[in-house]
Every structure is written in structure tokens, then in C-alpha cells.
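If you read the sequence from its start, that first residue is 1, and numbering goes on from there. All figures in this text were calculated on a predicted structure; none of them were measured in a lab. First listed ligand is number 1; within each ligand, the first listed atom is number 1.
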Amino acid sequence: MGRAKKVVLAYSGGVDTSVCIPYLKKEYEVDEVIAFAADLGQGDELDKIQKKAISAGATQSIVGNLVKPFIEDFAFPAIRANGLYQGKYPLSTALARPLIAQRLVEIARELNADGVAHGCTGKGNDQVRFDVTIGALAPDLKLLTPAREWGMSREETIVYGEKYGIAAPVSKQTPYSIDLNLLGRSIEAGPLEDPFAMPDESVFGITSSVSNAPDEPEDIEISFDSGNPVAINGNQLDPVSVVKKANSLAGKHGFGRLDIIEDRVVGIKSREIYETPGLLLLIRAHQEIESLTLPSDLLSTKFELERKWADLIYQGFWFSPLKEALDGFINHSQTNVNGVVRIRLHKGNASVVGRKSTTNSLYIPDMATYGNQDKFHHKSAKGFIYIWGLPSRVWSLVNKTKN
Ligand code: ARG
């Protein structure tokens, strides 16, 4: 493919991506490195990160606020899909990667770059998500992945950086590897590598411990319109505000912590701690309003497809024909998903304590009641069960005569 002349690098301000800048220029003979840092609501000081890229040798340093598309175009579809990888992890990190990669490709096009680059290592999922997305959106662009190839230890990387004026990270730094955005916090490595070791309270950043959570429960109401959470406690909120509000309510009550063993794309089992208060709360409420408004066959088929959808997102296939087709199914299913879910937040729990839908509830009190006002035709049950149970009776009759 020949060398790339102008490359857009996904930049976080950390040691690895900072070292990528001089490394790309020296070892890959790239003429110009353009750094791109994404604001995903992680609360970083992005102006400092922007300057850091320039002092590391970037020709241009771009910061993009992606919070709105992140929530509207990535988080909301994930809520509609009840996206939980392996039934547990709500994909808070995974959802950000296709968006960053998409923006990287757009910037490359705008600036006439012939390559893009990232600083992911060869053990994680993020490299998969970046590579697969970039390949899907721009198969012609050169993809440079120095951190996967340089074979330097962390110490060697720091020493390399220092030669180019990249300051070593402050020593009192956390032993954990942390990824943060508006959807949550992912924490791994350090003492957590022992899967039996209990996470120290210092691991957590955006949720209360059960002991610090309020003693009194708090009941909240989340309203859905076509499967999208649109209001909390009756206040209409835009998507970004819904997520922020859900984060603060659930986080305050200590809901949304996960401690799991997860299967990475590259075949490694890893121990992960997550704090995803708002996202988990919204998915739980969404599942509940679906159970009231969708018929059983649609619910069970959607449930099977949700698992597939989450696998695709985890594994890097946000932009793929199967994901698009599943979105078609999921979005179509959401037209009738309207109503309100009441949730009690208390000491690490978010328990559903009520649900209603004035327009789409399939719960018919006259049918469900055990009282005497009911409209159910009891006698018809007999004929229905005669036919429903026919295969069981046939099986028994045939196999009993054999013995
Ligand atoms: N295992 C999660 C994922 O693949 C999160 C990884 C986050 N990275 C981190 N440095 N903690 O989506």
C-alpha cells in the first residue's frame, strides 16, 4: 500500500495515543499527523488534550463534541434494543467506538488524508471495533495501528514519549484502566485481574456504595414514546438530559454497578467492573413497558434478536447489513411502546413497582381479574386444552403400548 502521508489519529491524551504521534512520524514516515479527540461526556479537559497533541508533534488538533449523536444515534437505539452483551453489559464503551471511527473517517475525507490511526493494543475489543468500522466505511483508507505493533512495554512507551517531550503520567495514578463516557465507566486491570478479589470502593466514581446511598427509597417515573425514554417524573427531557438525569438518580441510590467475567472478541476472558447507572435503569424500564405493550410472540422473537444485536455491537459490527436489518425489525416493533414505568430506587436496587399505558396497554383488567366481573370464556378453555395437549397424549399412548 505504500506509506501514508497524512493521517488522522484517534487521540485520547493518554500516553499510548500521545506516543503514537512521534512514532507515526518517525517509524511510519507519516508527514502529517492530525489528532482527533472526541467529547463523549467524559468530563476531560479537552482544551488541554488539544494542546498536548500539538506539543507531541501533531500538525493539527481537533476536538469534536459527539455527545448528542452518541446519545441520540447510539444510546437510544441500544435502549430500544435492550442491548446487553451476554445478558449483562449494556455496551457503554462499545457504543462509542463506531461513532469515533465514523468521525475519524469523515475528518480524513474533509482534510484529504490518506490514512487513519488508533492507539489500541492487540488484546482488547476496541481495536476490533475501530478496524471493522473503518474497513466498513472506508476500505480504501490506510489503517495504522502502531500500539499493536511496537512491542514496547508500558515503561518503554513512557521512555520513548519522554524523548519527544511527552510527560510521563503522574506516579500517583490509579492502577486501573478506565474508560469513561456519558453512558458509564469501565474499570479493569490492576488488583481487579484477580477475579476473586473484591473491588475496593475507590474503583467506583459515578455510583454511591450501598452504605452511602440514601436510607429512604425514591420512586420515579420514566415515560416512553415509541420506545424512547422522553420524560422523567413527568418532565419532558431531550435525550442527553434523560441520560444525565437517569445517571444522577440511579447513581445516587447506588444502582448500576456490575462485576462480571466477560468474553472478549479475541477469545480472552476478562474481569470487568462497570458503572452504568442511567443506561441500565433506562433499559430496565424499557423492558418493562415492552412487556405491557407488546404481544408475547413479538416479545420472545425480539428477545432472541436482542442478544444477536448486542453481540454485533460488542464485536464491532455497528455498520453491517445484519445490524441494519435487525434495526429495521426493532424500530418497527417500537411504534406501540408508549407508557410510563414506575421504579423504586433504594440501596443499590431499581425495582419496577408499576407500569401503565393509556394508549397501548394489552393488559385487560376484565380478562386478568380473578374477581367475578371477568369477560373470559371459561368453558372454551376445555376444548382449547384438548387440542393443545394432543401431542403429549399421543406420545404417551404410543410409547406406553410399546413397553
Ligand atoms: N470490556 C469493555 C468493552 O470491551 C470495556 C473496555 C473498556 N476499556 C478500559 N480501558 N477499561 O466494551
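Looking at S333 and L298, their side chains come closer than 4.5 Å, going by heavy atoms from C-beta outward. Looking at L84 and L280, their side chains come closer than 4.5 Å, going by heavy atoms from C-beta outward. Looking at heavy atoms from C-beta onward, T59 lies out of side-chain contact with D31 at the 4.5 angstrom threshold. When side chains are defined from C-beta on, D200 does not count as touching P191, because their heavy atoms never get closer than 4.5 Å. S241 has its side chain out of reach of N235: every pair of non-hydrogen atoms, C-beta onward, lies at least 4.5 Å apart. Residues V243 and L279 fail the side-chain proximity criterion, which asks for heavy atoms closer than 4.5 Å. Put simply, the side chain of Y160 does not reach to within 4.5 Å of the side chain of W150, judged on heavy atoms.
Not a single heavy atom of Y85 sits closer than 4.0 Å to an atom of ligand 1.
Comment: D114 does not engage K6 in a salt bridge, judged by the lack of any side-chain N to carboxylate O separation of less than 4.0 angstrom.
Ligand 1 places these atoms under 4.0 Å from at least one heavy atom of D179: 7 (C), 8 (N), 9 (C), 11 (N). For ligand 1, the atoms sitting less than 4.0 Å from at least one non-hydrogen atom of E188 are 6 (C), 7 (C), 8 (N), 9 (C), 10 (N), 11 (N), numbered in the order shown with element in parentheses. The ligand atoms of ligand 1 that sit less than 4.0 angstrom from a heavy atom of S186 are 5 (C), 7 (C), 11 (N).
Taking atom 1 (N) of ligand 1 as the reference point, the nearest protein heavy-atom neighbour is E262 OE2, 2.7 Å. Here the protein heavy atom with the shortest distance to atom 4 (O) of ligand 1 is N125 ND2, 2.7 Å. Of the protein's heavy atoms, Y274 OH, 3.0 Å lies nearest to atom 2 (C) of ligand 1. For atom 10 (N) of ligand 1, the closest non-hydrogen atom of the protein is S177 OG, 2.6 Å.
The N/O atoms of D126, backbone and side chain alike, include none that comes under 3.5 Å of an N/O atom in ligand 1. Residue Y89 has at least one nitrogen or oxygen atom sitting less than 3.5 Å from a nitrogen or oxygen atom of ligand 1, judged on distance alone.
At a 4.0 Å heavy-atom cut-off, ligand 1 does not touch Y176 at all. For R264, no heavy-atom contact with ligand 1 is shorter than 4.0 Å. Looking at R129 against ligand 1, only its side chain comes within 4.0 Å, counting heavy atoms.
Although no hydrogens or angles enter the test, the distance criterion places no donor-acceptor pair under 3.5 Å between the side chain of E218 and the main chain of L249.
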